Amino acid sequence: MPEQHTAQELADAVLAHPSVARLHGGAFGEIASYFPGHRITGVRMSEDGPVEIGVVLRLDRPLTETVDDLRGALAERLGGTRVDIHVSDVDAGDDAPEAG
């Protein structure tokens with residue numbers, strides 16, 4: 001099924017970006033592509049609308065730069081299809097203050 005292959009390719013491309021901590025399905029898991037036996041969380045594709053990507057980003061650079069990078073790279077892969085990036089959360093990583 002070509003849609004499955006494309007959704008997985010998009011997920012892999014997003015996860016390859018150094019500022020992406022992980023994919024995210026949104027508040028209610030609504031950003032996902034469903035296939036027999038499994039789903040790809042964080043990527044939703046439709047035949048007549050934009051591709052939606054849900055991510056958790058690292059705070060290693062301005063969020064808008066990372067979103068612009070992702071949107072441009074994915075739109076290029078998709079032949080100019082609109083790509084909506086939803087930043088669901090941020091990952092402060094090791095920079096988070098320690099409790100104590």
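In this text the structure is predicted, and so the values were computed from the model without any measurement. Counting from 1, the numbers follow the sequence of the chain as shown.
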S.K.: Measure the CD1-OG distance between Ile53 and Ser88 for me, rounded to the nearest 0.5 Å.
M.R.: 11.0 Å
S.K.: Quick one: closest heavy-atom pair of Leu23 and Ala11, and the distance?
M.R.: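 Residues Leu23 and Ala11, closest heavy atoms: CD1-CB, 3.7 Å.
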S.K.: Give, for atom CZ of Arg77 and atom OG1 of Thr6, the distance between the pair rounded to the nearest 0.5 Å.
M.R.: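 Those atoms lie 10.0 Å apart.
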S.K.: To the nearest 0.5 Å, how far apart are CG in Leu57 and CG in Asp89?
M.R.: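 One finds 9.5 Å between CG of Leu57 and CG of Asp89.
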S.K.: State, yes or no, whether a side-chain contact exists between His86 and Ile31 at a heavy-atom distance under 4.5 Å.
M.R.: yes
S.K.: After noting the C-alpha distance and the side-chain angles of Met45 and Val43, does the key distance pass the side chain to side chain contact (heavy atoms under 4.5 Å, CB included) rule?
M.R.: CA-CA 7 Å; Met45 302 175 70; Val43 178; 4.0 Å; yes
S.K.: With distance as the sole test, does Arg58 use its side chain to make a donor-acceptor pair with the main-chain N or O of Asp91 at under 3.5 Å?
M.R.: no
S.K.: Please tell me whether Val56 and Ile85 are part of a single hydrophobic cluster in this structure, the criterion being side-chain heavy atoms less than 4.5 Å apart.
M.R.: no
S.K.: Who passes side chain to side chain donor-acceptor pair (under 3.5 Å) against Ser33, sequence neighbours left out?
M.R.: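 Counting only residues at least two positions away or on another chain, Ser33 forms no side chain to side chain donor-acceptor pair (under 3.5 Å).
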S.K.: With a 3.5 Å cut-off and sequence neighbours excluded, list the donor-acceptor pairs that the side chains of residues 65-74 form with protein atoms.
M.R.:
from	atom 1	to	atom 2	distance (Å)
Glu65	OE1	Arg61	NH2	3.4
Asp69	OD2	Arg61	NH1	2.7
Asp69	OD2	Arg61	NH2	2.9
Arg71	NE	Val83	O	3.1

S.K.: Using the rule given for side chain to side chain contact (heavy atoms under 4.5 Å, CB included), can you reason through Arg44 versus Val51, listing the C-alpha separation, both sets of side-chain angles and the distance that settles it, and then say yes or no?
M.R.: CA-CA 6 Å; Arg44 180 168 55 187; Val51 170; over 6 Å; no
S.K.: If you measure from NE2 on His38 to CD1 on Ile40, what distance do you get to the nearest 0.5 Å?
M.R.: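 That separation rounds to 4.5 Å.
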S.K.: Enumerate the salt bridge (Lys or Arg N to Asp or Glu O under 4.0 Å) contacts for residues 13-40, please, sequence neighbours excluded, ordered by first and then second residue.
M.R.: none
